[in-house]
Every structure is written in C-alpha cells, then in structure tokens.
Amino acid sequence: MLKLTKTSLTYDDTPILKDISIDLPNGSFNLLVGPSGSGKSTLMKVIAGMIPTLADHVTINQQNLAGLPAYKRAGFVGLLFQDPDTQFAMSTPWEEIIFTLENLKVAPSEMTERANYALDFVNGSQFSHQSFDTLSGGEKQKVALAIMVAMQSKVLLLDEPFASIDITSRQEILKQLKKLQMNGVTILVTDHDYSGYADLVDDVFSFNQQHIQKINNLNAFFDQPSQVDYQFKQPQESQSVLKLNQFKLSVGSRTLIDISFFALAHSGITLFSGSNGSGKSTLFNAITRLKPYQGQIMYLNQDISKIKLNTYAKKVALIFQSAEKQFMKMTVSEELALSQKHTQHPNLWTNEAIESALTTLQLNHLKDHIVYQLSGGQKKKLQVLLLLIIGTPVLLLDEPLAGLDSQSIITVLSLIKQTIVETQQRIIIISHQLNGVLDFIDYHIVLQNNMLTFTETST
Amino acid sequence: MNAGVKFLLILIVSLEISFTLNFWVNVAIIIVSGFYLIYSRLSWQRYALLLLLPILPALGAWTSFTMHSTTENGEQLAAIMITRIIAYIWLGAAFSFTTNMSSFLDTLEQKCYIPTTFIYGLRGALSFMPHIRQEIKTMQQAARMRGIILRSYSPQLLFKAILISLQWAERLSTAMISHGFTENEERTHFLTVHINKRDWLFAFCLLFTLQMIYIFS
C-alpha cells in the first residue's frame, strides 16, 4: 500500500498542494488527471520522495521514504518523466541500465541477466547499444520503463509518459504496464488523453485547484463521444510555397525520407503525422536549416540554401519542442514586447489584441513572471503566442500541444485559426495528440515508409 | 597500458622535466612518446597536428633565448627549451589521443577511490561536449525566428548557454538520483578494472631508464 498523508506545498506564495492524502493498494492501476499547470508533476515528485522536506509524508508498505537513500528508494518507487530526453545520464540504454544496477549494488554476476530481461520486456534489445541521440521519443520512453523494470520498484509513477510519442508505442507500453501490474506492481499514470485506459484502470483521481478527488463513476468518466470520421481535402500543388526536390533525409545510416518531389505549406492548417522516429521533427529541422539533407528545398522557387539565414528566418519559423530555446528575455511582458517589435503584421497585433490573446490563453495574470519559471503548459502557450505575433508566412509547430489539457488545446488552436484568417499564414503541426485537434485541420500529411503523402482520412 | 598507470607515469615525467634542465632526458622522452604515438596508429591529421603544433612556440623559445639571453649558454638553453616543448606536447598527446576516457574514469573510480560524484559529473560533461556546437546553432536559429541575431560573442548567447548548462546539470542530477545514484555511496561494478603487473613493471622501467639518462648524461 502506498500512502501519502496530509501533504501541503507552497511555492513562492502560490499554493500547489493543499492537504492531499491518497492511498493506492498494492498492484492497482491508477490514472491521475487534471488541467496542465495544476501541479500534477510536483505531486508525482512528492510521491516519488524526490522532495526531501515532504518525503516523510510518503510510506510504501509501511516503509517511510524519509531519509531513505536514493539507491534504497529505487526499490520502492520509480518515476518516469514526461520529457524523454531528461531521464538518462549515460549515452546508451545498456550503459544506463548497468549504471542503475551498479547504483543499486546488484552483484555483477546478476547484472547481465537482469538487464537483458528488462530490455526484452520492453522489446528494446535491438537498440540497446545505440546512442540515445539516435533513438526516437517512444524508444527512449521504452528504455526508461525498462530501467524501472530492472530496478524492480514496487510503485511506478509515470508523468505524462505518452505526451510526445505515437499511438503504437503508447499501446505497447500500456500493455506492458498491465503486465507489470499483474505481477503486483502499483501503477500511477498522469495523462491528458484518456483513451485506452477504460479497461486498464482500477481508479481515476482528478487533481484540480490543489485538491485531489477520487472519481466515483468511472463509466461516465470514460463514456465520451466516439471520434467522428474526418475528411480532409487534397491540396493543389500550385498553392504551396515549399517544395522538396530529389529530397533525401537520414539520421546516421537510417534513411528517414527519400522522395523525388513533394509540395507542402498550403494556406490553412496542415496536420503532419507519422509514427515515432519516422523523421517528422528531422524534416522540420531540415526545412529550418538546422540539419543537413540531400537534394533541394525550395521556398517560392528559390533554393533555401541560397537565401540568407536572417532573411529566411523571417519567412519560415519553427516552434521548437523545447519552449525555452525561444525565450530571449526575462519576463512575459518583455517577451511580448520583443515579438510585437518584430511583428510582420503590426496592424493586427495591437496592444489590445495581445491583451485579449493573453486573456484567452489565461496568461494575463503572469505578465511580470520570469518566463523560465512558468509551468510547462504556460511556457508552451506563451511560445506559440510569441511566434504567432512574429507572423512569418510559414510557421511550423513541433508538438505544440504536448502537455496541454483539452481546454487549452482548443484555445490555442482557435487562436491560431483566427489569426491566420487575417495573416494568410501557412501552418504545419506535428501532433500525436489528435483529440480536439482534428476540427481545426485543413490538410493531412502522413510520413510513412520514407514517403510523404496527403491523405483524406484522419488515421 | 592501463589508463591510470599511463596517467601517473606521464604526470611524474612531466613534473620531472619542469624542474630539470637536461637536453638528453627531453630527447629520450620525445623518442619514447613518439614511438608510442606511432604504435597507437592515429589519423594522419593528428600526426600533422603534432608536427605543426610545436613550431611556433619552438621558434619563440629559440629567438628569445639566443637573441635576448644574458648568459653565455643561450643556445644550449634554447635547445633544452625547444625539446621540452615538444616533449610536453607529445606526452600530452600520448595520453589524450590514445586513452579511452571511460576506462580512465573507471580506473579513477575503482582504483584511486576518487568520489563517484566527481567521476559521474565528468562522465556527464564528456557526453554533453559533442552537443555544444549543435546547441549553439539551434539557439542562434531560434533567436533569428524571434527577430534577434545572436553573434558568437553576444552576451545574450552566453546567457542562454549558461542557462542551458545549468538546466542540463539539474536534469542530469535528477536523472541520476532517480536511477538510484547516491552521493559517495559504495557501488558495485559490472566491469572490474584490473591493472596488470606488467603495466606497473613497464612504467617503472621507463622511469628508471629516464633517471639513468639524467644521472649519466
């Protein structure tokens, strides 16, 4: 039994947790839901005993986590983070697992067997000696899970583990989690997307406004309208502004895209999907000239490698997965002022317009806050707004919705939609999160078998 | 040769030549480290670098000791200085160009009992190095998209770089702790480092020979 008793936490005068208690029986599968920025990640860290001052509020099988050194704590509780890139200290999965086992003082003679078992469990043996740099987000999350398996933790906490990974990997990992639960492991997952959980979970907890509440009627909770079938248009090639000619893109020895011709960036919003590691982000990096490629990328019939970087950055911009990369100033209002100064649509982005956008995004009370101290969701919303204000003719968004709750997703997409009606910007979005997104989409590109195609369906 | 023994040997030798003025000792060091570098089969670019690198400091030493020397034996001193420069550079290369850092750190951890916090901090830093160039390029491009041009000397770029390193350090330590790493706690070792007696003997012989040259030349 995991017990968290009467825990409160205040950070900078902002209450995050208020008198929270939670009991999870051994071998139960639990889902934790709540709006982005509500403090779910903090709660997970508290339960994992990673906030030392609160560790004495957590007990697992009568063992209090306070004062327990990290190598002993790992046997009780493991935490899997939201961002696949932040969980490893070594350079390959194998090294990371061995590092972990060494920390836990496992006898060297047992290590090979335990590491192999864990890697096989997540189907990860084939990439166990590859550098983490060459693995996709989904593969990294599988490795992270394998490490929890190798640690033999009694409780597994997963903080938005699927935020940026594809459906296939998600289903695979969920299946393996169920298997772990059958073996007596207690599981607590936070997720914004409830699909696939109905048959798995024992309990759902809702976390909101510093309080936690168990949901009594699970059937009603999961009984959401099934997805409508969407039909997208086939765009006209002549309407596009970006063209790929004899284009080839690879990472190491792996070919990601190999195509003789493809035209993209049409007016409106294009969804860009494809399974994990297929090369969607890498294509965005090639288009924004961050990664080398073979062949030609044309912007309005001009080879982009011949356009000055500074000029090109005013035509095609990217909303990076990591929001902080794009922050240039300290406070929210300074950032907004900077974007307003460089906007290509000064008539549209007046002070009033920015103010109203801030209000819809629920950022208006944060103007004097340091951008680096905002929550993950708030950073993301601010970053989207900042780049939207700049108003480049083409705007690429790499997983802008990861970690946003369903209400925020709709607000962000509505804001984009309203803006581009005025600015005629061309938007391409990579998103694994499709709930609530499809209503806003005009075209749909799929990357599959190294090919790019426009499809008319949503799957 | 074990990385730790090699490190110790090179450290002792370089300390010794910084306190002594002996032409033949320097030449002996150059010959031994030269042979070792050839035996290690480096790329031709590295050999070219090792030949080119000493030229400028050697020229400097030569001119300053022959033209501005107040003593009689200026040319003799210059020869010692030049051989010393080459000896230092090649000794350094004999360590840094031929040693697997990971096994060196393993030795430091298991044989020299250097605190694990320090060892794994270094390991993390080494794995971060290859990403720095790409990170800077990304930062510059991200800034361009916000209408700001970050030159390589711009303080804003430095600020972002420091911020990224701080975050990266924080991330690294969280990742390590969540995988059971405990500061200065004993760990088991998947690969145990053994130092061959032969390595010690070889190192001792080299040092002994060097002392003989020093005494008899």
Side-chain angles (χ1 to χ4, degrees), chain A residues 48 50 69-75 78-81 83 85-91 95-96 98-108 111-112 115 133 147 151 285 288-290 309-310 312-314 316-320 324-328 335 338-339 341-343 372 386-387 390 392, chain B residues 101-102 106 109-110 116 119-121 123-131 134-151 154 156-157 159-160 163-164 166-192:
Chain A
M50 290 181 82
Y71 72 93
K72 282 191 183 154
R73 201 168 58 209
L79 172 60
L80 200 143
F81 298 90
D83 181 352
D85 292 322
T86 57
Q87 10 209 358
F88 309 112
M90 301 287 122
S91 43
E95 286 174 21
E96 186 72 31
I98 294 297
F99 165 74
T100 309
L101 294 176
E102 288 178 337
N103 292 335
L104 303 192
K105 308 189 186 195
V106 173
M111 283 182 187
T112 312
D133 300 333
I147 288 165
M151 295 201 305
N285 284 335
T288 46
R289 294 166 70 180
L290 284 162
L309 272 178
N310 294 337
Y312 187 61
K314 295 190 180 97
V316 179
L318 168 66
I319 294 192
F320 286 70
E324 295 189 356
K325 289 220 166 89
Q326 272 170 319
F327 292 152
M328 296 290 131
E335 289 284 4
L338 177 69
S339 273
K341 185 176 149 199
H342 292 287
T343 179
Y372 299 101
L386 291 173
L387 271 293
I390 297 278
T392 49
Chain B
M101 265 308 171
S102 176
D106 279 342
E109 180 185 354
Q110 293 178 33
T116 49
I119 300 284
Y120 281 88
R123 268 186 216 279
L126 286 173
S127 69
F128 186 54
M129 295 287 248
H131 301 289
Q134 182 65 35
E135 276 295 332
I136 289 183
K137 199 174 152 190
T138 309
M139 277 191 278
Q140 287 176 319
Q141 190 69 343
R144 271 190 204 103
M145 291 168 183
R146 299 274 328 269
I148 285 193
I149 295 167
L150 292 181
R151 307 214 182 274
S154 130
Q156 219 168 354
L157 186 69
F159 172 74
K160 299 284 290 182
L163 203 78
I164 283 181
L166 284 178
Q167 277 169 352
W168 169 83
E170 172 84 35
R171 256 167 53 170
L172 182 71
S173 78
T174 318
M176 283 167 63
I177 292 169
S178 71
H179 289 168
F181 183 82
T182 316
E183 263 188 71
N184 302 329
E185 181 68 42
E186 224 172 283
R187 315 169 67 241
T188 49
H189 300 290
F190 183 59
L191 296 173
T192 322

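In this text, all values refer to a predicted model and were calculated from it rather than measured experimentally. Protein chains get the first letters and strands the later ones, always in sequence-line order, with residue 1 at the start of each.
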Inset, instruction - Verify side-chain contact (heavy atoms from CB on, under 4.5 Å) between B:Glu185 and A:Asn103, making sure each step is shown before the conclusion. - result: CA-CA 8 Å; B:Glu185 181 68 42; A:Asn103 292 335; over 6 Å; no
Inset, instruction - Decide yes or no on side-chain contact (heavy atoms from CB on, under 4.5 Å) for A:Phe320 and B:Thr138, but give the supporting numbers first. - result: CA-CA 10 Å; A:Phe320 286 70; B:Thr138 309; 3.2 Å; yes
Would you name the heavy atoms of [X] and [Y] that are closest together and state the gap between them?
X: B:Ile148; Y: A:Leu338; result: CD1-CD2, 3.6 Å
X: A:Ala74; Y: B:Gly180; result: CB-CA, 4.2 Å
X: A:Met328; Y: B:Gln156; result: O-NE2, 3.0 Å
X: B:Ile149; Y: A:Asn310; result: CD1-ND2, 3.4 Å
X: B:Met176; Y: A:Ala89; result: CG-CB, 3.4 Å
X: B:Arg144; Y: A:Leu309; result: NH1-CD1, 3.6 Å

Best-contacting candidate, [options], against chain B by heavy atom pairs under 4.5 angstrom:
options: A:Lys72, A:Glu96, A:Lys341, A:Arg73; result: A:Glu96
options: A:Val316, A:Ile98, A:Leu80, A:Leu79; result: A:Ile98
options: A:Leu104, A:Leu387, A:Leu386; result: A:Leu386

Tell me, for [X] versus chain B, whether the close heavy atoms (under 4.5 Å) come from the side chain, the backbone, both or neither.
X: A:Tyr372; result: side chain
X: A:Leu290; result: both
X: A:Ser339; result: both
X: A:Asn285; result: neither
X: A:Met151; result: side chain
X: A:Ile319; result: neither
X: A:Ile147; result: side chain
X: A:Glu324; result: both
X: A:Thr112; result: both
X: A:Lys105; result: both

Inset, instruction - Count the heavy atoms belonging to other residues, nucleotides or ligands that lie under 6.0 Å from CD of B:Glu170, then report whether that count exceeds 12. - result: no
Inset, instruction - Flag yes if more than 12 heavy atoms outside B:Lys137 fall under 6.0 Å of its NZ atom; otherwise flag no. - result: yes
Legend entry - Worked verdict on A:Tyr71 versus B:Glu186 for side-chain contact (heavy atoms from CB on, under 4.5 Å): CA-CA 10 Å; A:Tyr71 72 93; B:Glu186 224 172 283; over 6 Å; no
Legend entry - Pick from B:Gln134, B:Gln140, B:Glu183, B:Met139 with the largest number of heavy-atom pairs that fall under 4.5 Å of chain A: B:Gln134
Legend entry - A:Phe99 and B:Phe190 aromatic centres sub-6.0 Å: no
Inset, instruction - Look only at the side chain of B:Thr188 and the backbone of A:Val106, and say whether a donor-acceptor pair between them is shorter than 3.5 Å. - result: yes
Could you check whether any side-chain heavy atom of [X] comes within less than 4.5 Å of a side-chain heavy atom of [Y], counting everything from C-beta outward?
X: A:Leu318; Y: B:Gln141; value: no
X: B:Ser178; Y: A:Met50; value: yes
X: A:Gln87; Y: B:Thr174; value: no

Is chain A contacted by the side chain of [X], its backbone, both, or neither, given a heavy-atom distance below 4.5 Å?
X: B:Leu163; value: side chain
X: B:Glu135; value: side chain
X: B:Gln167; value: side chain

Legend entry - CE-NE2 distance between A:Met90 and B:His179, expressed to the nearest 0.5 angstrom: 10.5 Å
Inset, instruction - Might you work through the side-chain contact (heavy atoms from CB on, under 4.5 Å) test for A:Glu335 and B:Arg146, ending with a clear yes or no? - result: CA-CA 10 Å; A:Glu335 289 284 4; B:Arg146 299 274 328 269; 2.7 Å; yes
